[in-house]
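Order of the sequence lines sets the chain letters (A, B, ...), proteins ahead of strands, with each chain counted from 1.
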2 protein chains.
Amino acid sequence: MAAQSGTVERILDTAEVLFAEKGFAETSLRAITSKAGVNLAAVNYHFGSKEALIQAIFERFLAPFCAELGASMAQLAADGETPDLERLLRMMSRTALGAHGSSPERLALFFRLSGLAYTQAQGHLRRFIREQYGDVFNRFLTLLAKAVPDVPPLELFWRVHFGLGATVFAMSSMDSLRALCKSDFDTELSAADVTQRLLPFIVGGIRA
Amino acid sequence: MAAQSGTVERILDTAEVLFAEKGFAETSLRAITSKAGVNLAAVNYHFGSKEALIQAIFERFLAPFCAELGASMAQLAADGETPDLERLLRMMSRTALGAHGSSPERLALFFRLSGLAYTQAQGHLRRFIREQYGDVFNRFLTLLAKAVPDVPPLELFWRVHFGLGATVFAMSSMDSLRALCKSDFDTELSAADVTQRLLPFIVGGIRA
DNA sequence: AAACGTTTCAAACATATGTTTGCAAGGCAT
DNA sequence: ATGCCTTGCAAACATATGTTTGAAACGTTT
C-alpha cells in the first residue's frame, strides 16, 4: 500500500489552517486542495466527505492530547499527590502544548477550531467529540472537584465551562486581540504570554 | 412610502434567530425568506445584500444597547458615584437586558451572534462594530480601570476580554450546557440563573 | 380616475460547491 | 512481464446559493 507522497498529511495540514482562518463552511475543498497541491478528488477519495475530513482533523488533534492527558493523570494518581487547582490547570496546559509539538501557535489553532466546533456545526462534530473523548474530560473534572472542595459541584461545573469559554475565545481571537493590545498599549505579547495571563484569571474565577 | 406589512422587521426577526442557530454562511436567504413568509428578492431589495442584512441585525442590537449604556454611564458620572467593579458589571448586564425587551433569551441570542461575529466573518462585521460602537466600549473600559486601580491597565485589558470570552461562550452554548447540566446534576437552570453565576466568576477573575 | 413611486413576486442568471466518474499512472506480488 | 490493487487526475454532475430582472399589485397623490 501507501505510495506515500504524503497526500493525506498535506490535506490535513492545509485544511486545519484554512478552517481555523475562515471557518468550515467558508473554506471550500477547492481552496484546500489547490493550496495543498493535490487533486480536488483526493479529499473525497481519502476521507469520504468534507465532514469526515473535519472529524479527521479533530481526531488528529484530540487523540494524542487525550492520551497524554490520561497518562499525566495516571501518573498523578500513582504519585498520590494532592491535586492543587493551579497545578492541575498548569498540567493541562503543559499537556495540551506538548501534544502538538510544543508550538503555542498550533495550540491556539486547536482552540480556535474547538471554538468553531462549538459555535458552528452544532451537530455532528460536538457529538463526535463528546462520544470519543468525553470520559477523559470527565476524569479531569472530578480531579478538579477534589482540588476545590469548597466549591459545590454544580457551581464548579459552570465555572469550568466559563473558564473554557475564556480560553477558547482568547485563543480564537488571539491575533486580533494581540493587534489591539499592540495599538492600545504599544506592547507586543506572544501567544505564550497570553496563555500565562489566562491562567490566573481562570483560577481566580473558579475560586471566586 | 411604507406599505408597512412589516416585511423588513419580519426579515430581521427571522434572520437573527436563524443566524444564531446555524451561523451566517450556513443560513441561506431562501431559508430566511421562506420562514419569514416573504419573497426571496425582498432581502436584496430592502437591504441590498446578505452582508448588509447581517450588519443591519447588529445595528438593531447595538444601537439601543450602546445608547442605554451611554446614558447609564452618564448618570453614574453625574451622581459622582465611586465606580465599584461588581456594580459596574451588574449595570452593564442590566443595561444589556433592558435594551432588548428584558428577555434573557434574546440577550443570549445577541451574545451568540457576537460570538459568531468574532469567530466567523473576520472581516466586515468586526470592523463595522468597532468603528460604529468602539468608543462606548472604551469609555466603559476606563470606568472599569478606575474600579480596579490595583490591576495594571494591560492586565485589565486582557482580563476583561477573558471575561467577555467566558460570557460569549456561555451564551453561545447556553442551550447545550444547560442540557448537559440537567443530565449530569438533574438541575434545570434558566438563562438568568446562568448569567447570575457568570458574574462572580468574572469578578473573581478580574480581581484575581 | 389617472399617474406615479414603492413594494411584491415568480422566474431566470451566474456561479460556487461537494461529489462522482472513467481512465491513466504507479507500485507490488506472482 | 502480467495482473492487480492503490492512488492520482481531469472532467463532468447535480445542486444550492446570492443576486438580478421585468412585470404585476398596491397605495398615495394629483
Side-chain angles (χ1 to χ4, degrees), chain A residues 1-60 113 116-117 120-125 128, chain B residues 1-60 113 116-117 120-125 128:
Chain A
M1 47 192 91
Q4 268 325 40
S5 59
T7 306
V8 171
E9 279 74 21
R10 217 158 37 201
I11 290 176
L12 285 171
D13 290 341
T14 310
E16 84 182 13
V17 172
L18 288 183
F19 281 146
E21 275 176 4
K22 300 208 172 195
F24 298 119
E26 292 85 351
T27 305
S28 68
L29 291 187
R30 281 171 176 82
I32 296 171
T33 51
S34 75
K35 185 169 186 186
V38 304
N39 188 272
L40 167 62
V43 170
N44 286 279
Y45 175 75
H46 286 287
F47 298 94
S49 67
K50 188 182 183 181
E51 264 200 11
L53 168 62
I54 296 175
Q55 290 190 355
I57 289 176
F58 274 84
E59 203 169 1
R60 193 171 68 146
L113 287 175
L116 288 177
Q120 313 184 252
Q122 310 174 312
H124 70 109
L125 241 184
F128 172 76
Chain B
M1 49 194 90
Q4 269 319 41
S5 61
T7 306
V8 172
E9 279 74 20
R10 216 156 39 199
I11 291 176
L12 286 171
D13 290 341
T14 311
E16 84 182 13
V17 171
L18 288 183
F19 281 146
E21 275 176 5
K22 300 207 173 195
F24 298 120
E26 293 85 350
T27 305
S28 69
L29 292 186
R30 282 170 176 81
I32 295 170
T33 51
S34 75
K35 185 168 183 185
V38 304
N39 188 271
L40 167 63
V43 170
N44 285 280
Y45 175 76
H46 286 286
F47 298 94
S49 68
K50 188 182 182 181
E51 265 199 9
L53 167 63
I54 296 175
Q55 290 191 355
I57 289 176
F58 273 84
E59 202 169 2
R60 193 171 67 147
L113 287 175
L116 289 176
Q120 312 185 254
Q122 309 174 312
H124 70 107
L125 241 183
F128 171 76

Query - Interatomic distance where CD1 belongs to Ile32(B) and P belongs to dA16(D) [whole Å] - result: 17 Å
Report summary line: Looking only at heavy atoms, the pair that brings Leu116(B) and Ala20(B) closest together is CD1-CA, 4.3 Å
Query raised in the report: Given atom CZ of Arg30(B) and atom P of dA10(C), what is their separation to the nearest angstrom?
Result: 13 Å
**Report entry** Distance, rounded to the nearest Å, where Arg10(A) contributes CZ and dG8(D) contributes P
**Finding:** 9 Å
Query raised in the report: Side-chain N or O of Asn39(B) less than 4.0 angstrom from OP1 or OP2 on dA10(C)?
Result: yes
Query raised in the report: Looking only at side-chain N and O atoms, does Thr7(A) come under 4.0 Å of OP1 or OP2 in dG8(D)?
Result: yes
Query raised in the report: Taking the side chain of Leu29(B) as heavy atoms from C-beta outward, which of dG18(C), dA10(C), dT19(D) is closest to it?
Result: dT19(D)
Query raised in the report: Between Ala36(A) and Thr14(A), what is the shortest heavy-atom contact and its length?
Result: CB-OG1, 3.3 Å
Query raised in the report: Can you find a side chain N or O atom of Ser28(A) that sits less than 4.0 Å from OP1 or OP2 on dA16(C)?
Result: no
Query raised in the report: Salt-bridged, Asp13(B) to Arg60(B), with N to O below 4.0 Å?
Result: yes
Requested in this report: Provide, to the nearest angstrom, the distance between the CD atom belonging to Glu26(B) and the P atom belonging to dG18(D).
Outcome: 11 Å
Report task. Can you tell me the distance, in whole Å, between the CD1 atom of Ile54(B) and the C1' atom of dT17(D)? Result -> 14 Å
Query raised in the report: Rounding to a whole Å, what distance do you find between Phe47(B):CZ and dG18(D):P?
Result: 15 Å
Requested in this report: Can you figure out which of dT19(D), dT7(C), dT20(C) approaches the side chain of Tyr45(B) most closely?
Outcome: dT7(C)
Query raised in the report: Rounded to whole angstroms, how far apart are CG on Leu40(A) and P on dT17(C)?
Result: 11 Å
Query raised in the report: How long is the line joining CG of Asn44(B) and P of dT19(D), in whole Å?
Result: 5 Å
Query raised in the report: What are the two closest non-hydrogen atoms of Phe24(B) and Ala117(B), and how far apart are they?
Result: CE1-N, 4.1 Å
Requested in this report: Kindly compute the distance separating CD1 (Ile32(A)) from CD (Glu16(A)), expressed to the nearest 0.5 Å.
Outcome: 11.0 Å
Report summary line: Winner on side-chain proximity to Lys50(A), out of dG18(D), dT19(C), dC9(D), is dT19(C)
Requested in this report: Scan Thr27(A) against the nucleic acid and name what it touches under 4.0 Å (heavy atoms): base, sugar-phosphate only, or nothing.
Outcome: sugar-phosphate
Query raised in the report: Counting side-chain heavy atoms from CB outward, which of dT7(D), dG18(D), dT19(C) is closest to His46(A)?
Result: dT7(D)
